[in-house]
2 protein chains.
Amino acid sequence: MDQKRQIRIKDIAQRANVSIGTVDRVLHNRGEVSEETRETVMRIIKELDYHPNVMARALASKKKLLFATLLPTPLSREGYWTKPAAGIKKRITELRQFGISHESFTYSQNHPLDFVAKAEQILSLHPDGVVLAPFFSRESLLFIARLKEGNVPFVFIDSNIPDQGQLAYFGQNSYRCGMLSARLLSLLTPGRGSLLILHYAKEMEHQNHLVQREMGFYEWYRKNQPDRQVRTFEISIDDLNASHVKLKELYEEYRPEGIFVTSSKVYLAARTIGEYGLHNIRLIGHDLLPENKKFLTVGIVDFLICQRPEEQGYDAVNALFQGVVHKLPVREYNYAPIEIITRENLEFYHEFK
Amino acid sequence: MDQKRQIRIKDIAQRANVSIGTVDRVLHNRGEVSEETRETVMRIIKELDYHPNVMARALASKKKLLFATLLPTPLSREGYWTKPAAGIKKRITELRQFGISHESFTYSQNHPLDFVAKAEQILSLHPDGVVLAPFFSRESLLFIARLKEGNVPFVFIDSNIPDQGQLAYFGQNSYRCGMLSARLLSLLTPGRGSLLILHYAKEMEHQNHLVQREMGFYEWYRKNQPDRQVRTFEISIDDLNASHVKLKELYEEYRPEGIFVTSSKVYLAARTIGEYGLHNIRLIGHDLLPENKKFLTVGIVDFLICQRPEEQGYDAVNALFQGVVHKLPVREYNYAPIEIITRENLEFYHEFK
DNA sequence: CTGAAAGCGCTTACAG
DNA sequence: CTGAAAGCGCTTACAG
């Protein structure tokens with residue numbers, strides 16, 4: 001039973017023969033302290049292993065901090081990007097007591113100029129920290145340069161641009177993710193029939209995650225089943241009808257034993273399979289969207305690969321808080337666990353609360 | 001950007017024309033308030049949607065609470081029970097600032113009397129809350145009766161005894177867990193060869209989880225592959241040498257295509273398979289112990305099923321805190337997600353920090 | 001039954 | 001460069 005009482009700045013002040021105001025000054029590096037007293041105070045802080053009382057600090061502080069976030073706009077009320085946003089919101093709510101406020105911005109994944117406009121709005125707010133999904137590299141780099149000018153710390157989420165001075169990155173290792181999908185689809189298709197990789201997307205140019213997943217997938221088969229027939233196709237999501245027809249045609253031509261959809265759009269493939277009654281296809285995709293769960297339950301989807309997207313958002317905000325407010329060191333690379341969801345364990349992955 | 005300032009007891013006191021002391025009295029139901037003023041104050045609290053400032057409360061409060069925990073002693077420095085203990089420790093550390101202290105007790109899984117003795121010690125401390133793994137039902141019920149006498153709230157972890165007035169239960173659904181293992185082992189064994197279920201344990205009497213896993217496993221095969229040969233055996237862990245020989249004999253007799261070990265002791269089966277060079281056996285077991293990870297990496301173990309044991313400990317303490325300190329409602333049943341770990345996603349399941 | 005005051009550990013002006 | 005004082009929102013004796 002820990003009985004050692006907390007060390008207070010008062011204790012430090014007494015030992016150093018100074019006032020608590022002076023201790024506070026060296027604690028926060030805000031100068032106006034002679035080098036000599038600074039050193040003795042620092043020494044005593046070390047000796048006594050002082051740790052500030054976070055609650056007293058928060059209670060007394062009038063400092064208000066503003067965090068801004070810039071994520072893609074969810075494609076629907078249940079789209080993928082609602083999940084990181086939910087995690088962000090949760091942590092922000094918890095941090096309100098610590099004087100953190102939040103401005104949320106989203107941008108269209110099809111319009112780099114929208115990203116630029118929102119970035120501009122964020123800069124005009126002079127935030128104290130930014131969480132950012134740097135979907136468009138070029139535009140992100142310009143934004144980042146401005147943030148660095150203003151000494152605004154920032155955290156990347158979902159995508160990463162290495163060595164840009166980010167406080168941290170939270171996201172997925174899509175390549176390894178693709179390898180896992182390959183392994184699982186291999187288990188599901190003992191007949192060694194042909195496989196399809198499907199990208200349901202508008203344009204692949206900015207879809208680095210999907211490409212990485214595809215590459216990991218191929219790499220696994222190259223290593224483990226080099227003779228296996230694997231083919232990649234892109235299916236546009238502009239015209240849902242056309243996308244059904246397209247998959248139907250691919251089915252007729254290749255009679256695949258298994259299909260890997262590189263994104264949360266796996267429900268589109270599942271719809272086609274269900275509607276046309278395409279038989280004997282094992283199907284793997286991503287993310288716990290409600291419709292994906294439904295197809296998992298009825299058995300059209302076999303596995304969903306997930307990456308705790310809510311947690312990524314929650315942790316990104318938390319990293320900003322720990323780094324900016326508590327000046328704690330923050331780990332730079334933070335890959336989310338790659339989770340395997342199937343009919344048998346689905347019910348235990350609840351909604352994020 | 002939320003601009004509405006926080007409502008303080010001072011604001012309530014002003015509107016009710018009373019002092020803040022009186023507001024505090026009704027807030028904490030500690031009587032000495034006339035029914036009339038109580039009602040007006042309550043009304044205003046509702047109207048203004050008052051929420052206490054947790055940090056001011058914690059800072060001002062001199063109340064120290066003691067939580068006690070009673071878990072099985074880990075069988076080794078890396079045994080399963082180190083993990084819930086780690087989660088407990090983490091949350092306790094975070095809560096120290098809120099005046100929570102902690103006394104930790106562990107008991108031998110082979111000695112009910114040890115459990116009884118430790119329970120007695122806990123009672124003599126008059127704790128304000130208890131986290132308890134009720135491994136021995138009879139002895140647990142006696143302990144619980146005493147806790148209820150003293151109005152000490154308690155939370156179950158790992159095992160549950162329904163309807164005992166526990167604040168909450170955190171654990172696993174072992175039956176569903178067994179079904180998942182069955183499904184995965186089925187994918188791994190397309191040859192439809194025979195399967196073994198192995199209980200590595202001292203006595204099965206108290207091993208409810210292992211039995212539940214076995215039952216779920218059988219249920220899955222009954223539904224999906226009723227012709228499949230599945231047999232269960234117990235292997236003693238008292239004599240490791242004898243356990244090797246035993247598995248070797250089972251192998252010779254049944255030539256199983258797959259083995260399901262119902263506990264974290266899967267590394268014992270893996271050792272036998274490795275040392276005797278038993279071929280073509282797919283192997284599934286439980287929990288991310290270091291040795292299990294090693295066998296997963298080298299490919300002797302195919303899947304490990306896990307249940308976030310650290311999180312169970314963390315959440316159990318947190319439930320106690322939310323229920324006891326903040327008087328918040330707590331969800332009673334809390335099943336951990338059943339996680340599937342394999343070579344391809346192992347590296348992203350870090351140590352609990 | 002009620003109020004006024006001290007204090008929790010810190011931050012923030014302000015005075016010197 | 002340094003100290004003393006007020007105050008953050010709450011709890012805890014204590015006085016009446």
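Here is the naming used below: chain letters follow the sequence lines, and residue numbers restart at 1 for every chain.
- Using modelled atom types, one side-chain atom of B:K148 and one backbone atom of B:Q164 make a donor-acceptor pair closer than 3.5 Å.
- A salt bridge is absent between A:R15 and A:E47; no separation between the charged side-chain nitrogens and carboxylate oxygens falls under 4.0 Å.
- Taking atom CG of residue A:D11 and atom P of nucleotide C:dG9, one finds them 8 Å apart after rounding to whole Å.
- Taking atom CD on B:E35 and atom P on C:dC1, their separation rounds to 10 Å, with Å as the unit.
- Atom NZ in A:K63 sits roughly 15 Å away from atom P in C:dC10 (whole-Å rounding).
- For A:I7 and C:dC8, the CD1 to P distance is 15 Å, given to the nearest whole Å.
- When distances are taken from the side chain of A:I9 to each of C:dT11, C:dG9, C:dT2, the shortest belongs to C:dT11.
- Atom P of nucleotide C:dT11 and atom CG of A:L27 are separated by 7 Å, given to the nearest angstrom.
- Among A:L65, A:V325, A:I100, A:L320, the one residue that satisfies the side chain to side chain contact (heavy atoms under 4.5 Å, CB included) test with A:D128 is A:L65.
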Discussion item. Under the criterion ring-ring contact (aromatic ring centres under 6.0 Å, His included), I'd like the reasoning laid out for B:F170 against B:F156: C-alpha separation, chi angles, the key distance, then a yes or no.
Written reply: CA-CA 6 Å; B:F170 292 85; B:F156 287 144; over 10 Å; no
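- Distance B:Q97 CD to D:dC10 P: 19 Å, rounded to the nearest Å.
- For the atom pair CZ of A:R8 and CG of A:L48, the computed distance is 11.0 Å after rounding to the nearest 0.5 Å.
- Checking D:dG3, C:dA4, D:dC10 against the side-chain heavy atoms of B:Y50 singles out D:dC10 as nearest.
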Discussion item. Pairs counted only when both distances fall under 3.5 Å, Watson-Crick or G-U: show me the 5' to 3' dot-bracket for DNA chain D, [ ] for pseudoknotted crossings and | for other-strand partners.
Written reply: |||.||||||||.|||
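- Not a single donor-acceptor pair under 3.5 Å links the side chain of B:S61 to the backbone N or O of B:R57.
- In this model, the phosphate group of C:dC1 is not approached by any side-chain N or O of B:T22 to a distance below 4.0 Å at OP1 or OP2.
- When rounded to the nearest whole Å, the span between CZ of A:R25 and P of D:dA4 equals 11 Å.
- Residues of residues 52-60 of chain A having a heavy atom closer than 4.0 Å to DNA chain C, listed by number: A:P52, A:N53, A:A56, A:R57, A:A60.
- Note that NZ of B:K89 is 12.5 Å distant from CD of B:E94, once rounded to the nearest 0.5 Å.
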Item to complete: In sequence, state the C-alpha distance, the side-chain angles, and the governing distance for A:Y107 and A:F115, and then conclude on ring-ring contact (aromatic ring centres under 6.0 Å, His included).
Response: CA-CA 5 Å; A:Y107 59 89; A:F115 178 95; 4.9 Å; yes
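- Under 4.0 angstrom from either OP1 or OP2 of D:dT12 there lies at least one side-chain N or O belonging to B:S61.
- You'll find the side chain of A:I88 stays beyond 4.5 Å of the side chain of A:Y314, heavy atoms only.
- The nearest whole Å value for the distance from the CG atom in A:D24 to the P atom in D:dA5 is 17 Å.
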